[in-house]
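Note on naming: letters A, B, ... go to the chains in the order of the sequence lines (proteins, then strands), and numbering restarts at 1 for each one. Keep in mind the model is a prediction, meaning the values are calculated, not measured.
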Amino acid sequence: MNYPYVTEFRQSLVDWFNAEKRDLPWRHTTDPYKIWVSEVMLQQTRVDTVIPYYNRFMESFPTLDLLAEAPQEYLLKHWEGLGYYSRARNLQAGAREVLENYGGVVPDNRHEISKLKGVGPYTAGAILSIAYNKPEHAVDGNVMRVLSRVLDIHDDIAMPKTKKVFEVAVEKLIDPEHASSFNQGLMELGALICTPTSPKCLLCPVREYCTAFNEGEPDKLPVKSKKIKMKHLTYDVLVCEDENGRFLMQQRPEKGLLANLWQFPMIDTSQSTVENFKKEFTVNVHAEHELLTFKHVFSHLTWHINSYYMKCESFAQGDWLSREQIERLPMPVPMLKIWEEVKK
DNA sequence: AAACCGGGGAT
DNA sequence: ATCCCAGGTTT
């Protein structure tokens with residue numbers, strides 16, 4: 001963009017944002033803690049999905065102190081179904097760091113705020129600009145898409161080094177007096193107008209300054225390579241209920257996929273069998289029938305699940321829990337689907 | 001740089 | 001069936 005038009009670009013974007021912005025729960029505050037929570041929830045997650053989670057979260061954890069002292073299981077229950085559960089643990093770890101190292105005040109500079117667990121370059125810039133109105137870049141997928149079109153940048157956004165190109169661009173473009181509205185305006189534009197497919201250029205407040213609109217092909221941007229190979233895993237899931245109406249539950253390891261979440265026992269059918277499971281847990285099965293058979297698709301792998309209900313005799317080993325106890329445990333969506341079926 | 005980490009909505 | 005979303009951490 002030619003330098004003389006930067007001022008007009010800023011004003012058009014900021015004015016459009018302030019006139020057209022959606023009414024979202026986290027836009028009723030500039031509390032850095034609440035902005036922080038919203039930004040973490042919004043990582044890789046759509047606005048409509050986040051809204052009910054954010055509202056419930058703020059009812060239970062209205063202050064940074066209350067989040068810091070919350071039991072992890074109670075915290076994860078609030079994140080259940082949202083995905084990327086390490087976000088919740090990192091958020092709490094970050095809150096505890098703020099209490100210990102910064103007197104409970106979220107830092108207002110990139111150097112310190114970036115030290116907090118779970119706060120990377122994007123989230124740092126988002127909190128600094130939205131809560132403190134600091135002119136800091138906050139480059140996410142929306143911003144890269146919008147600016148790739150405005151500036152006609154053809155670098156492959158799948159490559160990590162490309163993000164630096166956009167961070168430098170934002171540093172030059174950002175409105176130093178209205179950093180909050182400018183950064184949110186870029187993201188709002190990406191969400192409402194400058195969409196991945198079929199961008200609504202005729203409604204765009206900055207199309208006058210958009211190189212791709214005037215000289216290029218907005219639909220062809222951004223350039224993004226990369227393709228992923230999907231892995232497939234097949235599991236037998238066993239819902240074992242004993243004579244007292246208690247169910248055998250397992251907690252997943254503290255690292256890796258779905259860390260610390262709870263599940264009904266899962267058997268990797270390429271590693272073991274249901275018969276081995278029965279011996280290992282010395283479970284006597286009185287009756288059994290099939291529950292659900294379905295697949296659950298993650299971003300990088302697919303679970304093929306066959307679930308079974310088994311009426312058992314319980315023995316000492318394992319966690320046999322009541323329905324009420326199970327309801328309080330954080331579980332991944334596939335287990336929630338099975339649990340709903342069991343309750344029918 | 002690449003792999004890992006959830007889930008759902010849009011196309 | 002495919003893409004991708006208000007990304008960060010680990011290897």
Side-chain angles (χ1 to χ4, degrees), chain A residues 17 21-22 24-27 35-54 76 79-91 93-94 113-127 129-131 137-146 156-164 166-167 170 180 182-192 194-199 219 222 224-231 252-261 263 294-303 330-337:
Chain A
F17 175 73
K21 64 184 175 186
R22 291 167 291 177
L24 303 174
W26 45 90
R27 288 183 175 162
I35 300 299
W36 184 5
V37 172
S38 72
E39 289 301 333
V40 172
M41 285 188 170
L42 286 163
Q43 290 168 9
Q44 300 300 108
T45 310
R46 284 181 170 70
V47 167
D48 290 344
T49 303
V50 166
I51 289 173
Y53 282 90
Y54 175 85
L76 285 175
W79 215 269
E80 184 183 76
L82 203 48
Y84 288 103
Y85 299 94
S86 63
R87 290 185 292 173
R89 291 196 308 276
N90 289 341
L91 178 60
I113 202 171
S114 295
K115 293 179 181 174
L116 300 174
K117 199 78 173 174
V119 177
Y122 165 76
T123 307
I127 298 171
S129 61
I130 297 172
H137 61 77
V139 174
D140 66 353
N142 271 326
V143 171
M144 287 196 284
R145 184 174 59 258
V146 170
D156 182 358
I157 67 168
M159 297 177 64
K161 66 178 183 182
T162 300
K163 195 168 70 172
K164 183 67 181 177
F166 290 95
E167 289 172 349
V170 171
S180 175
F182 182 92
N183 276 347
Q184 291 187 82
L186 283 180
M187 293 186 274
E188 193 78 343
L189 197 61
L192 300 181
C194 199
T195 47
T197 59
S198 308
D219 279 294
K224 184 178 175 66
S225 67
K226 199 178 188 179
K227 51 189 75 173
I228 49 173
K229 43 189 173 184
M230 185 76 73
K231 291 180 180 176
R252 296 180 62 87
E254 62 181 67
K255 287 187 176 293
L257 181 66
L258 302 169
N260 286 354
L261 272 65
Q263 63 187 23
F294 61 95
K295 68 177 180 180
H296 184 78
V297 181
F298 297 91
S299 54
H300 57 303
L301 64 90
T302 300
W303 281 359
M331 293 193 288
V333 165
M335 294 299 155
L336 292 173
K337 286 172 68 173

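- Contacts of A/Thr123 with the nucleic acid, taken as non-hydrogen atoms under 4.0 Å apart, involve only primed sugar atoms and P, OP1 or OP2.
- Of the two residues contacting DNA chain C, namely A/Gly118 and A/Ile130, the nearest-nucleotide position lying further toward the 5' end is that of A/Ile130.
- In this structure, the nucleotide among B/dG8, C/dA6, C/dT9 sitting nearest to the side chain of A/Glu39 is C/dA6.
- Among the heavy atoms of the strands lying under 4.0 Å from A/Thr45 is at least one base atom, whether or not backbone atoms are also near.
- With values rounded to the nearest 0.5 angstrom, A/Arg46 atom CZ is found 9.5 Å from A/Asp48 atom CG.
- For C/dG7, one of the phosphate oxygens OP1 or OP2 lies less than 4.0 angstrom from a side-chain nitrogen or oxygen of A/Gln44.
- Here the side chain of A/Thr197 is nearest to one of B/dT11, B/dG6, C/dA6, namely B/dT11.
- For the pair A/Glu188 and A/Arg27, the salt-bridge criterion is met [side-chain N within less than 4.0 Å of a carboxylate O].
- With both ends at atom P, the span from C/dG8 to B/dG9 equals 23 Å, rounded to whole Å.
- With distances taken from any side-chain atom of A/Val47 to the nucleotides B/dG7, C/dA6, B/dT11, the minimum falls on C/dA6.
- At a threshold of 4.0 angstrom between heavy atoms, the contacts of A/Gly81 are confined to the sugar-phosphate backbone, with no base atom among them.
- A/Val119 comes within 4.0 angstrom of the backbone, heavy atoms only, and of no base.
- Across all strands shown, A/Gln184 has no heavy atoms under 4.0 Å from either base or sugar-phosphate atoms.
- DNA chain C is contacted by both A/Lys295 and A/Glu188; A/Lys295 maps to the nucleotide lying nearer its 5′ end (nearest heavy atom per residue).
- Residue contacts for A/Leu24: at a heavy-atom cut-off of 4.0 Å it reaches a base atom on one of the strands shown.
- Using a 4.0 Å heavy-atom criterion, one finds that A/Leu82 contacts the bases of the nucleic acid, with or without backbone contacts as well.
- A/Trp36 places its CH2 atom 18 Å from the P atom of C/dG7, with the value rounded to the nearest Å.
- Ranking C/dG7, B/dG7, B/dG6 by closeness to the A/Arg46 side chain, first place goes to B/dG7.
- Rounded to an integer number of Å, the gap from A/Lys164 NZ to B/dA1 P is 14 Å.
- Between the P atom of B/dC4 and the OH atom of A/Tyr84 lies a distance of 12 Å, rounded to the nearest Å.
- When ring centroids are compared, A/Trp79 and A/Tyr53 stay outside the 6.0 Å threshold.
- The nearest whole Å value for the distance from the CG atom in A/Leu261 to the C1' atom in B/dG6 is 10 Å.
- At B/dG7, one or more side-chain N or O atoms of A/His296 fall inside 4.0 Å of OP1 or OP2 (strictly under the cut-off).
- Ranking C/dG7, C/dT10, B/dA1 by closeness to the A/Gln43 side chain, first place goes to C/dG7.
- C/dA6 atom P lies 17 Å from atom CD1 of A/Ile127, rounded to whole Å.
- Heavy atoms of A/Arg22 sit under 4.0 angstrom from at least one base atom.
- For the pair A/Asp48 and A/Pro334, both in contact range of DNA chain B, the more 5′-proximal nearest nucleotide belongs to A/Pro334.
- Nucleotides B/dG8 and C/dT9 place their P atoms 24 Å apart, quoted to the nearest Å.
- Atom-to-atom, CZ of A/Arg145 to P of C/dG7 comes out at 10 Å; the value is rounded to the nearest Å.
- Contact between A/Asn142 and A/Ala191 at its shortest, heavy atoms only, is OD1-N, 3.9 Å.
- Rounded to whole angstrom, the span from the OH atom of A/Tyr53 across to the C1' atom of B/dG9 amounts to 14 Å.
- Between A/Lys163 and B/dA1, a side-chain N or O to OP1/OP2 separation shorter than 4.0 Å is absent.
- For the atom pair CG of A/Leu186 and CZ of A/Phe182, the computed distance is 4.5 Å after rounding to the nearest 0.5 Å.
- Residues A/Tyr122 and A/Gln43 bring no donor and acceptor atom of their side chains to less than 3.5 Å of each other.
- B/dA3 and C/dA6: their P atoms are spaced 24 Å apart (whole Å).
- Heavy atoms of A/Arg252 sit nowhere under 4.0 angstrom from any nucleic acid atom.
- Between B/dG6 and A/Arg87, no contact under 4.0 Å exists linking OP1 or OP2 to a side-chain N or O.
- No side-chain N or O of A/Asp156 forms a donor-acceptor pair with one of A/Thr162 less than 3.5 Å apart.
- Per the geometry, CG belonging to A/Asp156 stands 11 Å off P belonging to B/dA1, to the nearest Å.
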